[in-house]
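Source: prediction; values computed, not measured.
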Amino acid sequence: MSGPPPQALAPPASSMTGQQPPQQGPTPPAYFVDTKKGEVSELKQLLKTLAVEREPKRKRDVIKKVIAYMTLGIDVSRLFTEMVMAIETQDLVVKKMVYLYLCNYAHAKPDLALMCVNTLQRDCSADDPMVRGLALRALCSLRLPSMLEYISTPLRRSLTDQSPYVRKTGVMGILKLFHLAPEVARAANFVDLLYNMIQDPDPHVVANCLIVLDEVLAAEEGGMAVNQPLILHLLGRLGEFSEWGLTHVLALVAKYRPVDEEELFSIMNLLDPVLRTSNSGVVLSTIKCFLHLTTAVPDLQPQVYVRVKAPLLTLMAGGNPEVEYCILKHLEAIVHRAPGVFDDEYRQLYVRYNEPTFVKYEKIGILALIASGDTVADIMSELAEYATDVDQEVSRRSIRAIGSIAFRLPSTAGMVLKRLIGFLDVDLKSVRPETILVMKDLLRRYPECKSEVLPSLQLCLRRVDDEPEAQAALIWMVGEYGGEGFPQAPYLVEPLIDGYAALASATLKLNLLTATMKLFLKRPPETQSMLGRLLVSATNDLSSQDVHDRALLYYRLLATDVQAAKQVVLGGEEGSGEGRTVIVGAFAEERGMTNLREKLFGEFNTLAVVYGRPSAQFVSPRYGHTCQSSL
């Protein structure tokens, strides 16, 4: 017995009226549909409820929820009308939240934003100074061109308000007006009003005036103009400013040039107590003032470096890793300019086990810079401890730092090489290759030390077969110093020549070619066959055009004139088997560092020092004048 078809079990209601049921597709997920039962719709209904309006605490909770949704990125712009109506309240907390909402969504609803203008203007004249300040801030923060005609009057009135909170809010409102409509702000003569307000009794108002004037005038005049009465007035009130305000005052002082030495010493005496503050920004700003003020008196700058040593070291020990890193970067800039000032404080720069790696890296670099004849032994022993650190980058930097000590102090070259030769026995992946690279650079500078290094090269070549850069450095040393004093030199490169096909690094191949060519020119009978095999393999190498071209160059040089080949490859005079270029001064890759350090020192107390790059490389040209005006 068969039952009725499934459709007959539940006939649609529309079948009774003769109408066809509408075609329905699959129901979309709820979060794609603007349903009336959503959270935002519930809030909309709550804001319309009279019961909520009559209960201030409940109304506050509902608006808090709206702000929470807005903070999380949920679109609550549909509540704009209800939130505008909620502004009519005496509850300061509710007003503050509604103002925040209006500023956030005014651009999305510019027409509806006009609904709140009358209320905001009325609140700008309220008895409560907090309400006046909040209303003025909200009115200026709407940033709509249609609001310009409503802003100027309350803004001008706020500058003479009895409350300092309203005055400082009005000053920042001028800056917002300037960004919205610069021509309107200039026509209203606000710049002159701000200059007059620098005499305001409240230090927060004065600090805001300095900030706004410097930014408003940055593009046209390079920032706020400074003169002697202004600087003396600000210096006389240094004790009143907050730390944030102090940084702006000090930025202006750094732009001032004293008329004579008496005024210079007077200003520096006024600034000296500021060095004892605990705020790193204030201390660095003060140091910048000292450096700029003494630019015309170079004899005073060494005394400045000595004076700022204690404040910098105190800030460095404050415990905040980010602040410590910034202080270390500025300390490094000073060490390059004032060698010897921090030499006796080297123990404060020892690395602690629990420090972040970026702080460790910076300390290791500075330790190498402050090593002197009396402290080099202690510093080198400390760096040697870091060379076996589990962090490979710390290990590599420590070895490089030991090598850089020999570049700074030639008398320590022998001691450094002995220490590095000891590292060759350390079976750590990061130690031996980095040691070889440093030894290569040391031999370039001090070739007379080759007798201490060459005996250890034979074992090293087999221990770094998985490090192409270290292998290339070893091959370079073999070719450069493989004369009569190093009899086994040709036989060190022969296994690599026979296994040429397995070499993957173009750098290693190029160094092998050059080293073998040098050995042939110095010791032809032993190396002739090796060089022939290598040139055949290299000229047929299709993996690197550079290798192919260099092998072809060497072949044609030998085929044309062997003496000319000696002059080209060995760099010496004709017939000189040991001729080589003598390193004078810094290496080529280091020559640009001096100019870079001078540029960075000119941007002291800016991100340029922290990044190690001039501000022009990471600041948009649109804001470049602002950075330059602060120097």
Side-chain angles (χ1 to χ4, degrees), residues 168 171-172 174-175 178 191 194-195 197-200 203-258 263-264 266-296 304 308 311-312 315 323 326-327 329-330 333-334 599-611 614-616 619 623-631:
K168 74 175 185 177
V171 171
M172 298 309 295
I174 293 174
L175 183 59
F178 176 81
V191 171
L194 289 175
Y195 269 116
M197 289 186 68
I198 295 177
Q199 305 289 337
D200 195 279
H204 298 288
V205 177
V206 176
N208 281 10
C209 288
L210 300 179
I211 296 168
V212 174
L213 281 170
D214 213 38
E215 187 164 345
V216 167
L217 299 174
E220 296 181 353
E221 304 177 19
M224 182 180 170
V226 296
N227 53 38
Q228 188 182 56
L230 173 65
I231 296 300
L232 293 179
H233 169 72
L234 294 175
L235 289 174
R237 301 181 61 181
L238 278 180
E240 302 176 22
F241 292 103
S242 65
E243 293 173 342
W244 181 253
L246 267 176
T247 58
H248 293 283
V249 172
L250 294 170
L252 286 179
V253 175
K255 295 166 64 175
Y256 179 67
R257 292 293 175 264
E263 185 180 11
L264 168 64
S266 176
I267 293 175
M268 293 179 68
N269 288 333
L270 289 172
L271 292 177
D272 188 72
V274 185
L275 287 173
R276 293 192 287 271
T277 59
S278 59
N279 184 283
S280 57
V282 174
V283 173
L284 289 176
S285 296
T286 309
I287 295 173
K288 182 177 181 178
C289 287
F290 282 176
L291 295 176
H292 281 255
L293 289 170
T294 57
T295 302
V304 171
V308 303
L312 283 175
L315 289 173
V323 172
C326 293
I327 297 298
K329 294 296 288 187
H330 285 82
I334 293 176
K599 290 180 181 178
L600 296 180
F601 199 78
E603 300 187 53
F604 196 86
N605 193 27
T606 67
L607 284 176
V609 178
V610 179
Y611 290 164
S615 58
V619 176
Y623 303 103
H625 58 266
T626 305
C627 293
Q628 293 300 323
S629 65
S630 66
L631 302 182

Minimum heavy-atom distance [X]-[Y], with the two atoms named:
X: Ser278; Y: Glu243; answer: OG-OE2, 4.3 Å
X: Val274; Y: Val283; answer: O-CG2, 4.3 Å
X: Ser615; Y: Ala608; answer: N-CB, 4.0 Å
X: Pro614; Y: Lys599; answer: CG-CD, 4.3 Å
X: Ala254; Y: Cys289; answer: N-SG, 3.8 Å
X: Leu315; Y: Ser280; answer: CD1-CA, 3.8 Å

Residues, nucleotides or ligands: over 12 heavy atoms within 6.0 Å of Tyr195 OH: yes
[X] side chain near [Y] side chain, heavy-atom distance below 4.5 Å:
X: Arg237; Y: Val249; answer: no
X: Val212; Y: Phe178; answer: no
X: Arg276; Y: Pro273; answer: yes
X: Leu230; Y: Tyr256; answer: no
X: Leu213; Y: Ile198; answer: yes
X: Leu293; Y: Leu271; answer: yes
X: Ile174; Y: Val191; answer: no
X: Lys288; Y: Leu250; answer: no

Side-chain donor/acceptor of Asn208 to backbone N/O of Lys168, under 3.5 Å: yes
Flag, side chain of Asp214 to backbone of Met224, donor-acceptor distance under 3.5 Å: yes
How many angstroms lie between [atom1] in [X] and [atom2] in [Y], if you round to the nearest 0.5 Å?
X: Leu234; Y: Leu252; atom1: CG; atom2: CG; value: 6.5 Å
X: His248; Y: Cys209; atom1: NE2; atom2: SG; value: 12.5 Å
X: Leu607; Y: Lys329; atom1: CG; atom2: NZ; value: 12.0 Å
X: Leu194; Y: Leu210; atom1: CG; atom2: CG; value: 10.0 Å
X: Glu263; Y: Ile231; atom1: CD; atom2: CD1; value: 9.5 Å
X: Leu246; Y: Thr286; atom1: CG; atom2: OG1; value: 7.5 Å

Val308/Leu291 under side-chain contact (heavy atoms from CB on, under 4.5 Å): CA gap, chis, key distance, verdict: CA-CA 10 Å; Val308 303; Leu291 295 176; over 6 Å; no
Criterion side-chain hydrogen bond (donor to acceptor under 3.5 Å, both in side chains) against Ser285, the qualifying member of Thr247, Asn279, Asn605: Asn605
Residues that Ser266 engages under side-chain contact (heavy atoms from CB on, under 4.5 Å), provided they are two or more places apart: none
Thr606 and Leu600: CA distance, side-chain angles, deciding distance, side-chain contact (heavy atoms from CB on, under 4.5 Å) verdict: CA-CA 9 Å; Thr606 67; Leu600 296 180; over 6 Å; no
Audit row: Val609, Phe601, side-chain contact (heavy atoms from CB on, under 4.5 Å) steps and yes/no: CA-CA 7 Å; Val609 178; Phe601 199 78; over 6 Å; no
